[in-house]
2 protein chains.
Amino acid sequence: MGNDASTVRDVAARAGVSASTVSRVLGGTYPVAASTRARVLKAMRELDYVVNAHARALGGSTNKTVAFVVDDVTGPFYAHIARGVEEQASAEGRLCMLCTTHGDPQRVLAVVETMREQRADAVIVVGGAWEDKAYQDRMTHFAHALDRVGSRLVLVGRPPLGPGVPATVVEYDNEGGAFAMTTHLLTSGHQRIAYLGRVPGLSTSGQRLSGFRRAHELLGLAPDPALILDGTFSRSHGYQGARQLLASGADFTAVFAGTDMVAAGALQALREARVSVPDDVSVVGYDDVPLALDLFPALTTVNVPHEELGRAAVRLALHRDELPGSQHLVLGTHIVLRDSTRRPGH
Amino acid sequence: MGNDASTVRDVAARAGVSASTVSRVLGGTYPVAASTRARVLKAMRELDYVVNAHARALGGSTNKTVAFVVDDVTGPFYAHIARGVEEQASAEGRLCMLCTTHGDPQRVLAVVETMREQRADAVIVVGGAWEDKAYQDRMTHFAHALDRVGSRLVLVGRPPLGPGVPATVVEYDNEGGAFAMTTHLLTSGHQRIAYLGRVPGLSTSGQRLSGFRRAHELLGLAPDPALILDGTFSRSHGYQGARQLLASGADFTAVFAGTDMVAAGALQALREARVSVPDDVSVVGYDDVPLALDLFPALTTVNVPHEELGRAAVRLALHRDELPGSQHLVLGTHIVLRDSTRRPGH
DNA sequence: ATGAAAGCGCTAACAC
DNA sequence: GTGTTAGCGCTTTCAT
């Protein structure tokens, strides 16, 4: 229906100048007589003119757009990284496209392809990667394809694809955080720690678990395989997993939840079973999302610099020519002690 | 730098056909000989071709994009609406652009303008509106401007701009939810209810407060103005507000928090002051975000159909020609009783 | 079934 | 300073 936006030509006609002149005042980066500029501006206002971003993107080569590919906006973990991305993007004059993939590797690939069509300046993929050869190969392919058209693949919170692959990666010390937390638990006297939320094939999960294992080894201990439960990074897995653990009569004094959401579920199950936290069992999470503060008891967890991850992703990708040395960043993590942990038996 | 994506022309050359033929297999909506199509497809694969979305948008008129304008992705309230929007958009073959405004009315207007440049199929603005004449006028202007180019302004969770303004509005029964909740509190015996998080000039806040007032009036009561605190829809206001209330020695048995986040802050303040919830005071929130379940005690609150709001927004906007009668939707809300409320003095 | 040619709205040489 | 002329990559008549 209604389909008559005014164009440079309309504005030019009304102002009695040529299209290029209009374009010049639009760009602002070229001398135009003050009086002419005023007339053009006036015409634009009267015609309620706005540039067509597509025509502009077609002529020049950049779209002034950053794409953000995420598993699920709803998770606070992603939401905060999204905020960092959005803020930095907007600070750099870029628009932000949001795509969600709902844990489906196929959709990730499809979405990245779409972003390639959109000629986004950067394509930021957030969250653990699937440790699957075919998947990695496809991502590597995209990295090259994006690079070829002057765009950039950015991996946030997932490992690099390999040397020579043109991609920016912004990680955080996943393994180190889990190591620190496990060490804390172990040295406070917890010997039997259940691990909830091992997600097979997910890089993030693998790294956290390996920090968990390394801490045990360092103290000459071995985690009990029966206490490591497979599942997803979800509240419901935390709930189900904790119930299952309780029902099995397993012996444990602490629960290491794969994420804060998993911890939230576990806390609910524990509360329902009248198991007191932290008196009977300690619970720790991972991520330090705002929710951690509101859980009861307030959750001891590993802090991840969410917003900074997002911000850094955009910054590095957009300025990769100026800061070529820093295309692989690993941000630190640290544990935050709150009320959900205590020495066992005290 | 690298800036040589292959084009239809490249593909055409390699397949030994004309550009139009390539375009035809791209579109799929036109007869092409099977053998030719195969050759073209092969050439595309070999050249790793992807269409240029901008060139396409320039020729045709739609961008296949939906814009989503939100205050802050980080709030769970928005996050869940965002999910609904994203899901429906993707189901309708649209991409989703995300823009945040951080509570700044100026930025809302700027962002909507940008979306106009992008020729988005729909521009979805979420969250309470500022009850400010100039602001409303600008929005009305945008509604018309978008309409003129075949796009659509969608208002989610805010009142219509007025009759004759071409905009889709998807509301939820804000006033009704507050009314129901307040009535529940009042009829359970709470006579002095504090209201935390009145945000002057914000439509959402105004509606909630008027439901709060109507419930009082209906029972022949009048809310005590001293118990109504101005602030923002934030956790920190909930915290500060509750502390202030406590410090003032005010007399109240229940707290109606403007949102669940406000309630979370209030609960923390109450806990720190050793005021037991719900034994000493009852607390209720608004929104029913997932967090409500994880608060302690689990929060009694008003359920808002977040995802459906987002989904409906996209659906109505995109199919406005097929369902012209339903461009103003009001979804229902209902109260959810959990553990943060109780009759006073029991 | 396929090709040639025009044009979407804008920017960027290149003239004057 | 300003106008003219070409395209950017694709879709779409109009021919054939």
Side-chain angles (χ1 to χ4, degrees), chain A residues 3-41 43-44 47-65 114 116-120 148-151, chain B residues 2-41 43-44 47-64 114 116-120 148-151:
Chain A
N3 216 351
D4 49 342
S6 33
T7 75
V8 266
R9 220 108 49 196
D10 300 330
V11 175
R14 181 174 253 266
V17 297
S18 79
S20 348
T21 301
V22 175
S23 173
R24 291 199 256 264
V25 342
L26 231 31
T29 166
Y30 206 86
V32 175
S35 65
T36 314
R37 137 174 279 108
R39 246 181 318 132
V40 171
L41 254 19
M44 284 183 180
L47 260 38
D48 194 28
Y49 170 84
V50 280
V51 282
N52 181 323
H54 299 299
R56 178 174 274 180
L58 190 53
S61 65
T62 172
N63 181 17
K64 294 290 178 199
T65 283
T114 304
R116 197 142 81 89
E117 296 177 3
Q118 296 287 328
R119 302 296 191 266
R148 224 174 298 130
V149 296
S151 179
Chain B
N3 217 349
D4 50 342
S6 32
T7 74
V8 267
R9 220 108 48 197
D10 300 330
V11 175
R14 182 173 252 266
V17 297
S18 78
S20 346
T21 302
V22 174
S23 174
R24 292 201 254 264
V25 342
L26 230 30
T29 165
Y30 206 86
V32 175
S35 64
T36 312
R37 136 174 280 109
R39 246 180 320 131
V40 170
L41 255 19
M44 284 182 178
L47 260 38
D48 195 26
Y49 170 84
V50 281
V51 281
N52 182 322
H54 298 299
R56 177 173 276 180
L58 190 52
S61 65
T62 172
N63 181 17
K64 294 289 180 199
T114 304
R116 198 142 80 91
E117 295 178 4
Q118 296 287 329
R119 302 295 191 264
R148 225 174 296 131
V149 296
S151 179

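So that the names make sense, note that chain A is the first sequence line, chain B the second, and so on, each numbered from 1. Note that the structure is a prediction, hence the values are computed from the model and not measured.
Over its length, the helix from C:dA1-D:dT16 to C:dC16-D:dG1 turns its helix axis by 40°, as judged from the five terminal pairs at each end, rounded to 10°.
Considering B:Val32, B:Val8, B:Leu26, B:Val22 as possible partners of B:Val40, the one that fulfils the side-chain contact (heavy atoms from CB on, under 4.5 Å) test is B:Val22. Of the options B:Val17, B:Leu41, B:Thr36, a side-chain contact (heavy atoms from CB on, under 4.5 Å) to B:Val25 is made by B:Leu41 and by none of the others.
Closest heavy-atom contact between A:Ala120 and A:Ser151: O-OG, 2.6 Å. For the pair B:Arg119 and A:Val51, the tightest heavy-atom approach, listed with the atom from each and the gap, is NH1-O, 3.5 Å.
Using a 4.0 Å cut-off on heavy atoms, the residues of residues 14-23 of chain B that approach DNA chain D are B:Ser20, B:Ser23, listed by number.
Look at OH on B:Tyr30: it is 9 Å from P on D:dT13, rounded to the nearest Å. When the P atom of C:dT11 is taken as reference, atom NZ of A:Lys64 falls 13 Å away, rounded to whole Å. In this structure, B:Gln118 places its CD atom 13 Å from P of C:dC10, rounding to the nearest Å. Rounded to a whole Å, the CG atom of B:Asp10 is 10 Å from the C1' atom of D:dG9. Rounded to whole Å, the distance from CZ on A:Arg56 to P on D:dC10 is 21 Å. The separation between B:Leu58 atom CG and D:dC10 atom C1' is 8 Å, rounded to whole Å. Rounded to a whole Å, the NE2 atom of A:His54 is 12 Å from the C1' atom of C:dC8. Atom pair B:Tyr49:OH and D:dC10:C1' shows a separation of 7 Å (rounding to whole Å applied).
Listed nucleotides: C:dA1, C:dC10, C:dT2. Nearest to the side chain of A:Val51: C:dC10. Out of D:dC10, C:dC14, C:dA1, the shortest distance to the side chain of B:Ala33 is found at C:dA1. Taking every side-chain heavy atom of A:Arg9 into account, C:dC10 is the closest of C:dT2, C:dC10, D:dC10. You'll find that the side chain of A:Arg24 is closest to D:dG3, out of D:dG9, C:dC10, D:dG3.
A:His54 places no side-chain N or O within 3.5 Å of a backbone atom of B:Ala55 that could act as its donor or acceptor partner.
In the interface, the side chain of B:Arg119 is not paired with the base of C:dG9 through any donor and acceptor atom under 3.5 Å apart. At a cut-off of 3.5 angstrom, the base of D:dG1 holds no donor-acceptor pair with the side chain of A:Arg37.
Contact annotation: B:Thr36 reaches the phosphate of C:dT2 (side-chain N/O to OP1 or OP2, under 4.0 Å).
Take B:Arg37 and apply the salt bridge (charged side-chain N to carboxylate O under 4.0 Å, His left out) test, not counting sequence neighbours, and it matches no residue.
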